[in-house]
Amino acid sequence: MWRGGYSFSDVRDVAPAVVAAIEHGENGEGYILASHYVTIREIFDSLHKLTGGREIKVMIPLWLVRLLTPLIALYYK
């Protein structure tokens with residue numbers, strides 16, 4: 001299974017934070033604007049529920065995808 005995920009933030013939260021950083025921040029400061037972390041599995045599960053499409057039960061490791069890509073391309077030619 002793939003590990004990892006993405007951090008999603010609502011633009012309605014990010015925009016005021018950016019404005020505040022511009023108005024009150026100092027040169028060289030950095031800010032992390034993160035909100036809700038969602039795993040890749042959770043994203044696929046949500047898509048399945050929303051669309052009614054096929055459920056993804058098995059995830060192929062990225063190294064295997066890279067290994068098989070040239071073979072798949074040849075097959076479809």
Side-chain angles (χ1 to χ4, degrees):
M1 174 181 283
W2 291 339
R3 292 189 177 108
Y6 297 93
S7 178
F8 290 94
S9 299
D10 192 314
V11 70
R12 294 170 291 188
D13 298 327
V14 173
V18 170
V19 171
I22 291 169
E23 292 177 350
H24 305 289
E26 300 291 329
N27 284 342
E29 289 183 333
Y31 303 93
I32 298 174
L33 303 175
S35 178
H36 184 71
Y37 182 80
V38 181
T39 66
I40 294 172
R41 169 55 63 194
E42 290 171 327
I43 292 170
F44 283 132
D45 288 345
S46 294
L47 287 172
H48 167 67
K49 289 176 188 170
L50 288 170
T51 64
R54 279 189 352 206
E55 182 178 5
I56 296 176
K57 296 179 181 176
V58 177
M59 291 189 181
I60 301 171
L62 189 56
W63 65 266
L64 183 57
V65 172
R66 288 186 177 141
L67 180 70
L68 295 177
T69 299
L71 299 174
I72 294 168
L74 284 175
Y75 174 79
Y76 282 102
K77 276 190 175 186

Hey, are the side chains of [X] and [Y] touching, using non-hydrogen atoms and a 4.5 Å cut-off?
X   : Y   : answer
M59 : F44 : yes
V19 : I22 : no
V18 : L33 : yes

Following the transitive rule for hydrophobic clusters with a side-chain heavy-atom cut-off under 4.5 Å over Ile, Leu, Val, Met, Phe, Trp and Tyr, establish whether [X] and [Y] coincide in one cluster.
X   : Y   : result
W63 : V58 : no
I72 : L67 : yes
V38 : L50 : no
V11 : I32 : no

H36 side-chain N/O to F8 backbone N/O, donor-acceptor pair under 3.5 Å: no

Does S9 use its side chain to pair, donor to acceptor, with the backbone of S35 at less than 3.5 Å?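 Present.
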
Are the charged groups of D45 and K49 less than 4.0 angstrom apart, N to O? no

Output all residues satisfying side chain to side chain contact (heavy atoms under 4.5 Å, CB included) with E29, sequence neighbours left out; order by chain, then residue number. E26, Y31

Contacts of type side chain to side chain contact (heavy atoms under 4.5 Å, CB included), residue Y37, not counting sequence neighbours: T39

Y6 atom OH: more than 12 heavy-atom contacts under 6.0 Å: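 Not buried by this count: 12 neighbours or fewer within 6.0 Å.
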
Could you grab the distance from atom CD1 of I40 to atom CD1 of I56, nearest 0.5 Å is fine? 11.0 Å

Spatial distance of atom CG (D13) from atom CG (D10) [nearest 0.5 Å]: 5.0 Å

